[in-house]
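Quick caveat: nothing in here was measured; it's all calculated off a predicted structure.
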Amino acid sequence: MAKASTSGDAQSAPLGTVLPNPLRVVITQGGTPVSGRTVAWAVTPAGGVANPASSVTAADGTASTSITLPPLGAIATITASSTGATGSPLVFTADATGAGTQVTVAVENTFYSPSVFRVKQGGIVTFTWATGASSHTVTPVAPNAIPTSTNPAPPGTHNAPYTFDTTFPTVGTFKFFCSTHGAPDTGMHGTITVIP
């Protein structure tokens, strides 16, 4: 079985920009580099881009990609997958520093995406139920209540399609969870940090 190792992990750059160093994996078998192996790259949350999204190991066993961070303040997760390689997928993280003024959160069937992020004071967060998402809430954790809009009315339990916007006028940390599928710190939950 081939084995992969990494370089370029734990970088940071402003949101929406390219990381300063490419991410790289090295695939070896018995200590010998393996060429011609395909490595697929994926970035979460949405909006992050791997260029290229698929690369092939060179004679020295290396494959690399450049990462454009998502356009929101969050920790991005980048995976490098190669079929048959021990330890695949390999996981990298990178901090998209700063905060945006508009973030869209997908309410999925078992999670929010993104679930942990930063937004600027006065910014708007849009919660949108993904296709097929059912019986979900966005329930605030006391003492910080998530401000909710009146158009549409503050959310209860909903099925897709459903969406609502909320504006965060004050700095602070706002936790939320799905009262059907999570709890304040487990299951389907998230945290919004509002910065000046």
Side-chain angles (χ1 to χ4, degrees), residues 6-25 40-53 65-81 89-131 133 136-141 144-149 155 163-178 181-196:
T6 64
S7 67
D9 193 23
Q11 297 181 66
S12 66
L15 58 90
T17 66
V18 178
L19 285 176
N21 300 308
L23 303 188
R24 185 177 76 148
V25 295
W41 303 88
V43 185
T44 56
V49 177
N51 185 20
T65 192
S66 293
I67 301 296
T68 300
L69 293 169
L72 72 153
I75 298 296
T77 300
I78 304 100
T79 57
S81 304
L90 295 169
V91 179
F92 299 79
T93 59
D95 188 1
T97 61
T101 57
Q102 176 73 49
V103 176
T104 299
V105 176
V107 179
E108 303 281 356
N109 268 329
T110 58
F111 60 94
Y112 301 101
S113 179
S115 60
V116 179
F117 58 91
R118 296 176 296 271
V119 67
K120 281 190 178 290
Q121 184 177 7
I124 298 171
V125 177
T126 301
F127 291 91
T128 300
W129 274 238
T131 302
H136 298 298
T137 71
V138 177
T139 303
V141 177
N144 289 323
I146 295 175
T148 53
S149 68
T163 188
F164 75 96
D165 293 334
T166 185
T167 301
F168 288 81
T170 59
V171 170
T173 301
F174 300 86
K175 292 186 173 186
F176 60 96
F177 68 101
C178 175
H181 303 97
D185 293 306
T186 60
M188 191 171 173
H189 70 288
T191 303
I192 301 167
T193 302
V194 182
I195 65 174

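Contacts of Pro71 classified as side-chain contact (heavy atoms from CB on, under 4.5 Å), with partners at least two apart in sequence or in another chain: none. Partners of Ser115 according to the side-chain contact (heavy atoms from CB on, under 4.5 Å) rule, which considers only residues two or more places apart in sequence or in another chain, are Tyr112. Here Asn109 pairs with His136 under the side-chain hydrogen bond (donor to acceptor under 3.5 Å, both in side chains) rule; sequence neighbours left out. Under the rule for a side-chain hydrogen bond (donor to acceptor under 3.5 Å, both in side chains), the partners of Thr126 that lie at least two apart in sequence or sit in another chain are Gln102, Asp165. With sequence neighbours excluded, no residue forms a side-chain contact (heavy atoms from CB on, under 4.5 Å) with Thr110. The ring pair (Phe, Tyr, Trp, His ring centres under 6.0 Å) check on Phe117 picks up nothing, with sequence neighbours excluded. Checked against side-chain contact (heavy atoms from CB on, under 4.5 Å), Ser12 has the following partners two or more places apart in sequence or in another chain: Asp95, Thr97.
The closest side-chain heavy-atom distance from Ile192 to Thr173 is not below 4.5 Å. Using a 4.5 Å heavy-atom threshold, the side chains of Thr104 and Thr128 count as touching.
The backbone N or O of Pro169 lies less than 3.5 Å from a partner atom in the side chain of Gln121, making a donor-acceptor pair. No donor-acceptor pair under 3.5 Å is formed between the side chain of Ser66 and the backbone N or O of Pro22. No donor-acceptor pair under 3.5 Å is formed between the side chain of Arg24 and the backbone N or O of Thr65.
Between the side chains of Thr137 and Thr139, at least one donor-acceptor pair of N or O atoms lies under 3.5 Å.
Residue pairs meeting the salt bridge (charged side-chain N to carboxylate O under 4.0 Å, His left out) criterion with at least one partner in residues 120-129, sequence neighbours excluded, do not occur; the list is empty. The stretch residues 185-196 participates, sequence neighbours left out, in these side-chain hydrogen bond (donor to acceptor under 3.5 Å, both in side chains) pairs: Lys175-Asp185.
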Given the rule in the side chain to side chain contact (heavy atoms under 4.5 Å, CB included) test, do Phe127 and Val125 qualify, once you have shown the distances and angles that lead to the verdict? CA-CA 6 Å; Phe127 291 91; Val125 177; 3.7 Å; yes
Would you check, one step at a time, whether the test side chain to side chain contact (heavy atoms under 4.5 Å, CB included) holds for Val119 with Thr101? CA-CA 6 Å; Val119 67; Thr101 57; 5.8 Å; no
Test side chain to side chain contact (heavy atoms under 4.5 Å, CB included) applied to Leu23 and Ile67, step by step: CA-CA 8 Å; Leu23 303 188; Ile67 301 296; 3.7 Å; yes
Walk me through whether Val141 and Phe176 qualify under side chain to side chain contact (heavy atoms under 4.5 Å, CB included). CA-CA 6 Å; Val141 177; Phe176 60 96; 5.7 Å; no
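Rounding to the nearest 0.5 Å places OG1 of Thr93 at 10.0 Å from CD of Gln11.
Of all non-hydrogen atoms in Ala99 and Leu15, the two that sit nearest each other are N-CD2, 3.4 Å. Residue Ser7 comes nearest to Phe92 through the heavy atom pair O-CE2, 3.3 Å, listed as atom of the first residue, atom of the second, then distance. Closest non-hydrogen pair, Thr79 versus Pro89, comes out as CB-CB, 4.3 Å. Taking all atoms of both residues into account, the shortest heavy-atom contact from Ala46 to Pro70 is O-CB, 3.7 Å. A pairwise comparison of heavy atoms in Leu72 and Ala96 identifies O-CB, 3.4 Å as the closest pair. Here the shortest heavy-atom pairing between Leu19 and Ala13 reads CD2-CB, 4.2 Å.
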